[in-house]
Structure formats: C-alpha cells, structure tokens
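Before we start, here is the structure in question, set down as structure tokens.
Below, read A as the first sequence line, B as the second, and so on, with proteins coming before strands; counting in each chain starts at 1.
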Amino acid sequence: MDQGRYAALFLSESREHIGACNQHLGLLERDPGAQEAVHALFRAMHTIKGMAAMMGYAQVTELAHRSENLLDLVRAGTVTADAALVRLLTEAVDELDRGIEEAATGHDQTLDFSYVLERLDKLVGPESAGALPRAPGPASAPEPAPRRSRGDQSRPVRVTVRHGAMMPGARAAMALNQACGLGKVTDVTPGAQEFQQEGFDGAFSFWIETDRADEVLEEAIRSVGDIDSVTIGDAARSQWPASGDDAVWRAHYLIRVDLRPLDALMSHVGEPVVARN
Amino acid sequence: MSHTVLVCDDAIFMRTMISDILTSAGFEVVGEAETGVQAVEKYQELKPDLVTMDIVMPDMGGIDAVREICQGDPDAKVLMCSAMGQQALVVEAIQAGAKDFVVKPFQPSRVLEAVQRVLG
C-alpha cells in the first residue's frame, strides 16, 4: 500500500471532519437538543476512527473511538448534551486535531491522550467505557419448539465459529442464512438475536428439515468461512447447549401416548399368554 | 471479463483504499457512492457484480441501503465494511441480505478472501 499517499488523504479528510466537528459543537452549545449535530459529530468521529485504524494510528483511533462512544450515549438520550459535555467534546476534538497532525508525521505512538480519555470514560461510565457503539438489546429466549415426530427429515445441527474469529455473531448469522437456503430451520439456540451480543461465543444449534444430505449441509455452512465445526444428527444432540435444553429436546425426542390403549393391548396379549401357559 | 464493483463509503480515504485493493486484484470499480441514497441509485443504474458497503453514512445508512438494494435484487452481492464494535449492525445487515463482511482495520488479503466468497 502507498502509505505516503494514504497519509496525505487521511490528513486532508480528517482536517475536514475536525472542522465540521467544531461547527457542530457550536450548534450543540447553542441548542443542546440539536440531534442532527449529534449525529453528524458521531459520524465524523466514526470516520476518523476508521481511517486512523486503517493507518495503524492506535492513539488517534482510541481517542476517536471513546469520543464516539460518548456521542452514541448522547444520541440515545442516555447522556445530556449540557455545557460540561460540550466543553469536554471540544477538548477531545482539539486533541484529535493535534493528534492527526502528529500521527500523519509518524508520531502516533508518542501521543498521550490519557487526561481527556479519563474524563470521557467518567461520563460514559465504567461499565460502558470499554464497550463499543450501539450496545444491542437483551437476547430473547428461544421460542418454544414445535411438536414434531422423529420420522420426518429433521436433524439437529450444532455449529461453532472459529475461536478468535472477528464478529462470531455475524459469521453465525451468515451460516444460518446458508442453512435457511437449504431447508426449514427452527429452534435456533441461543435465539438469533443473541448473535448481536458482543459476548456471543460463536456456538449455536438449530433444527433443519431438509432432504439435502449432511455433506451438502455442512459444505454450505462451512462456505461462509471461519467455521470451526459442524455437527449434524445425533452427534449434535450431546452438544446441545444447556439453555433451552428441555423445551427443545422434549419437542423433538418425546411423544405423548395415551396409556389406555396400551393397557388394553397388554390385556389382550396377556390373556393368550396366560392361556398358553 | 473482470467483475464490476460499486464502492460505497462516505470517506474518500476508504473508497480510495478499497478501490486500490480491488483494482490491483483485477476488479473493475465502475462507481462510487458516499451516501446510502447514492448507493441505491448507483446500484440500480450500474448493476455491478459486487457492492462494498460502509455502515455509517449520511442521508441513509448502509443497512437501509442493503435492505433496499436486496429488495430490488435478491441476488445482489453486498460486502459490508464495518468497524470494530459494530457486530449488532453487521448481523442486522446480513439479515437484510448482505453476503459477508470485513472489519476495519483490514488487510487487503482479508478483503479479497471475502470478495471471493461472496462472488462464489
């Protein structure tokens, strides 16, 4: 990659965004409810973060990222854009302004934003300080499994995304899409909404009703990349996650039988057996 | 014939970098868009083989753009270019029809791997 050319592009575009940030901060100072200014500030920080990350400017990336986190909370209405917040963001933008110039001349590693970072984290709160933008909502519980007999073409499938893969939830969603293209998928455990959680570990199970061979199914799932294992059929049963265990397995492996005809059958069979003896 | 690509990102820096990666691998970048609205319009106009899509853009975000593009063309091949910490949004994009994703900062090889997967 042509680093010099990209560094020049990074600098000119970041300067434009810093200029826009100052304008939007002015608007926000006059009107704390100026939502469009908050959105524009968020986008500018996000763009600077992305560009700095691509250039390998870790310090600038971190400051832009933490500022973006704070702006995300303002955007969500969790934090109010009062005068103190606008002052802090102005300080962060000033530091970024200095930072992009230093980083573009090869001095990113010597930058120290700890003073402003601490104050940004204080406003964001300790729990969210390291969290990244747009924290997803709580995961939904798996839906009750539909009752189904064992004689159909349903099979349990267990998939694990490679440990250390980027965004395992997104990879899981891709794998699930592949499965959905081959048959009727039900009982996704944990629920597909769980895939959005940053803490999702990449292991999930589901049932699929399909006439395709196991090999075809496995190949389709693995084609999304970063898949560690795909287990299909009874072998997946032993690996079924504890969460939702009862509901799902009861639905697939247990059937309800009326005992009265069984009793009658025993009675009919029992009489000839007794008579023969 | 080389595959055609539409590159969507609000940053010239990112569009340049992605275009360079793809062009050097033999792809033809036939258009660029800097907002979600432009992305939808240019997709309909250019019908590219592949779209690279940023998530955070003005006017219309990348997810809404993917949704519109895929509603009009369910076979559209869209690769999301996301930043760290955007897993919830990437999952949403995949559910909306995106085929794969890369996470910034990315290596050119990761982009090309994802592109190959998307194009099959």
field: Which atom of A:M54 lies closest to which atom of B:P105, heavy atoms considered
entry: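 The pair with the smallest heavy-atom distance is SD-CA, 3.3 Å.
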
field: Structural part of B:M57 lying under 4.5 Å from a heavy atom of chain A
entry: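 For B:M57, the backbone is the part near chain A, not the side chain.
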
- request: Starting at OG1 of A:T61, measure out to NZ of B:K104 and round the result to the nearest 0.5 Å.
  value: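 Interatomic distance, A:T61 OG1 to B:K104 NZ, rounded to 0.5 Å: 12.0 Å.
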
- prompt: Under a 4.5 Å heavy-atom cut-off, does chain A meet the side chain of B:S82, its backbone, both or neither?
  reply: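 For B:S82, the contact with chain A is made by the side chain alone.
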
message: Please give me the minimum heavy-atom distance between B:V56 and A:R43, naming the atom from each residue.
response: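 The answer is CG1-CG, 3.4 Å.
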
query: To the nearest 0.5 Å, how far apart are CE in B:M14 and CZ in A:F10?
result: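 Between B:M14 CE and A:F10 CZ, I get 12.0 Å after rounding to 0.5 Å.
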
query: A:M51, A:M166, A:H17: which one forms the most heavy-atom pairs within less than 4.5 Å of chain B?
result: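 So the answer, after comparing A:M51, A:M166, A:H17, is A:M51.
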
query: Tell me, side chain or backbone of A:T47 under 4.5 Å from chain B's heavy atoms, or both, or neither?
result: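 Only the side chain of A:T47 comes within 4.5 Å of chain B.
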
Tell me which donor-acceptor pairs under 3.5 Å the side chains of residues 169-182 of chain A have, and how far apart each pair is, sequence neighbours excluded?
{"from": "A:R171", "atom 1": "NH1", "to": "A:V224", "atom 2": "O", "distance (Å)": "2.8"}
{"from": "A:R171", "atom 1": "NH1", "to": "B:D100", "atom 2": "OD1", "distance (Å)": "3.0"}
{"from": "A:N177", "atom 1": "ND2", "to": "B:I94", "atom 2": "O", "distance (Å)": "3.3"}

- prompt: Are any side-chain N or O atoms of A:Q196 and backbone N or O atoms of B:V91, one a donor and one an acceptor, separated by less than 3.5 Å?
  reply: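 Not at all, since once roles are kept as given, no pair shorter than 3.5 Å links the two residues.
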
message: Walk me through whether A:M167 and B:M80 qualify under side-chain contact (heavy atoms from CB on, under 4.5 Å).
response: CA-CA 12 Å; A:M167 297 189 181; B:M80 301 308 293; over 6 Å; no

query: Quick one: are B:M17 and A:L9 in side-chain contact, heavy atoms under 4.5 Å?
result: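 Answer no - side chains too far apart.
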
message: Which heavy atom of B:F13 sits nearest to which heavy atom of A:Y6, and what is that distance?
response: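 It is CE1-O, 3.4 Å.
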
query: Taking everything shown except A:E219 itself, do over 12 heavy atoms lie less than 6.0 Å from its CD?
result: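 No, because the 6.0 Å sphere around CD of A:E219 holds 12 heavy atoms or fewer from other groups.
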
query: Counting heavy atoms not belonging to B:Q107, are there more than 12 under 6.0 Å from its CD?
result: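 Check fails, neighbour count at 12 or below.
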
query: Is the shortest heavy-atom distance from the side chain of B:P58 to the side chain of A:H39 under 4.5 Å?
result: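 Sidechains of A:H39 and B:P58: no contact.
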
